[in-house]
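Okay, structure first, notes after.
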Number of protein chains: 2
Amino acid sequence: MDAPRWLDEREDRAWRGYRRMRRLLDLELARELSQDAGLSEPDYDVLSDLSETPQGRLRLSELAHRMLWSRSRLSHHLSRMQQRGLVTREECADDARGSIVVLTPAGRQAIESAAPGHVAAVRRHLIDLLTPAEVDALGALTHRVVDHLAEPGLQATRPQPAAKA
Amino acid sequence: MDAPRWLDEREDRAWRGYRRMRRLLDLELARELSQDAGLSEPDYDVLSDLSETPQGRLRLSELAHRMLWSRSRLSHHLSRMQQRGLVTREECADDARGSIVVLTPAGRQAIESAAPGHVAAVRRHLIDLLTPAEVDALGALTHRVVDHLAEPGLQATRPQPAAKA
DNA sequence: CTAGCTTCGATGACATGTCAACAAATTTTC
DNA sequence: GAAAATTTGTTGACATGTCATCGAAGCTAG
């Protein structure tokens with residue numbers, strides 16, 4: 001290993017700031033979401049992704065892919081959400097292995113009533129604190145990093161058992 | 001609730017990008033860290049914060065405060081790290097309730113050998129993908145958000161039982 | 001002093017996430 | 001078209017995080 005190139009002062013400031021923001025923003029958003037809507041962030045994300053589809057239906061594995069979750073994690077989580085009546089599972093017509101995750105009316109109700117408050121919180125604690133230029137910069141920079149990470153070559157883009165050596 | 005002000009296209013792009021980057025970056029950094037150094041990110045953070053103090057010693061509660069962790073979480077995590085020989089606990093001289101978390105030689109060894117690779121990964125997957133202006137923008141923006149969230153008035157800045165209504 | 005009140009850290013119960021293994025269904029290969 | 005390989009979703013064991021509670025120690029006010 002060569003002499004490591006440590007982060008300089010500005011880089012360190014950005015990296016520490018990022019991690020701190022990450023943690024604090026998460027805590028606050030989760031706190032408000034849970035208090036105002038009785039949902040966890042994972043709950044919200046599942047419902048949100050489902051509600052963005054025309055029918056409120058997605059193959060489990062497609063949903064897992066979009067969320068960057070493992071199928072296992074999603075399956076466990078859906079079981080809990082199913083018990084609360086937010087989603088159901090249906091059999092898949094064309095693929096008998098598959099299951100389709102379906103938003104229930106209660107689930108749609110939950111996301112629709114949670115969304116305004118959640119978006120407001122995202123604005124209040126993040127977006128509205130940024131200049132338009134910063135919003136654009138954040139959009140550009142995050143997408144560049146995402147594209148880089150998603151590049152084939154390194155590793156799987158989804159959380160899955162590591163590729164076979 | 002007033003008519004919600006949804007995110008416009010640019011804001012949405014920034015918000016989605018942020019969340020996606022967050023997830024992917026985390027997965028990748030954790031994967032490399034675990035593979036190269038046998039440490040999880042929480043392990044790394046504990047060791048890193050400890051090693052930044054002159055003696056490699058910190059009060060448990062001070063460490064928890066810096067990490068934005070609950071004392072409970074830290075206590076559990078330290079027990080596991082202690083079993084692996086990375087840290088120890090010592091009694092606190094001036095406060096008999098307290099315990100002092102101490103970096104063991106093995107712990108120092110672990111962080112020192114993990115750090116170069118980890119910093120390199122942070123560079124490779126984030127910092128080096130940004131222009132100097134973006135690094136500065138990220139530093140500025142994250143710190144502004146952190147300061148805003150840390151403001152008294154809203155809620156606790158650390159994960160703790162919520163304030164009594 | 002000492003009776004509350006607070007803080008410290010540990011703990012156990014529980015919620016959530018990860019990982020490996022599995023059966024069933026599908027796809028590929030010959 | 002059948003054997004082999006892959007994909008799908010579930011499951012159980014385990015690791016990790018959260019939450020409420022606790023005993024011990026410190027602090028504060030009379």
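Proteins come first, then strands; the chains are lettered A, B, ... in the order of their sequence lines, and each starts at number 1. Every value quoted in this text rests on a predicted model; they were computed, and no experiment measured them.
- With respect to the salt-bridge test (charged N to carboxylate O, under 4.0 angstrom), the residues Arg97(A) and Asp95(A) qualify.
- Using a 4.0 Å cut-off, no side-chain N or O of Arg97(B) falls inside it from OP1 or OP2 of dG9(C).
- Atom CD of Glu41(A) is separated from atom P of dG17(C) by 11 Å (rounded to the nearest Å).
- Each end of the helix from dC1(C)-dG30(D) to dC30(C)-dG1(D) yields a helix axis from five base pairs, and these two axes differ in direction by 30° (to the nearest 10 degrees).
- Judged by distance alone with a 3.5 Å cut-off, a donor-acceptor contact links the side chain of Ser72(A) to the base of dT11(D).
- A heavy atom lying under 4.0 Å from DNA chain D marks the following residues of residues 73-91 of chain A, by number: Ser75(A), His76(A), Arg89(A).
- Comment: Glu52(A) does not engage Arg108(A) in a salt bridge, judged by the lack of any side-chain N to carboxylate O separation of less than 4.0 angstrom.
- Between Arg59(B) and Asp94(A), the one whose closest nucleotide on DNA chain C sits nearer the 5' end is Arg59(B).
- A salt bridge links Arg5(A) and Asp128(B); the closest N-O separation between the charged side-chain nitrogens and carboxylate oxygens is under 4.0 Å.
- The separation between Arg71(B) atom CZ and dC8(C) atom C1' is 5 Å, rounded to whole Å.
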Are Thr88(A) and Arg57(A) close enough, and set up right, to give a side chain to side chain donor-acceptor pair (under 3.5 Å), and what steps lead you there? CA-CA 10 Å; Thr88(A) 15; Arg57(A) 318 160 59 77; over 6 Å; no
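- Going from atom CG of Leu39(B) over to atom P of dA15(D) covers 17 Å, rounded to whole Å.
- Rounded to a whole Å, the CD atom of Gln35(A) is 12 Å from the P atom of dC19(D).
- Leu24(B) CG to Arg19(B) CZ: the interatomic distance, rounded to the nearest 0.5 Å, is 12.5 Å.
- At a threshold of 4.0 Å, the pair Arg80(A)-Asp43(A) does not count as salt-bridged, since none of the basic side-chain nitrogens sits closer than that to a carboxylate oxygen.
- In this structure, Ser61(B) reaches the dG9(C) phosphate: one of its side-chain N or O atoms is under 4.0 Å from OP1 or OP2.
- Donor-acceptor pairing under 3.5 Å is recorded for the side chains of Ser79(A) and Arg89(A).
- Residues Asp147(B) and Arg20(A) are not paired through a salt bridge, judged by the lack of any N-O separation under 4.0 Å between the basic side chain and the carboxylate.
- Taking the charged nitrogens against the carboxylate oxygens, Glu9(A) and Arg13(A) have no contact shorter than 4.0 Å, which rules out a salt bridge.
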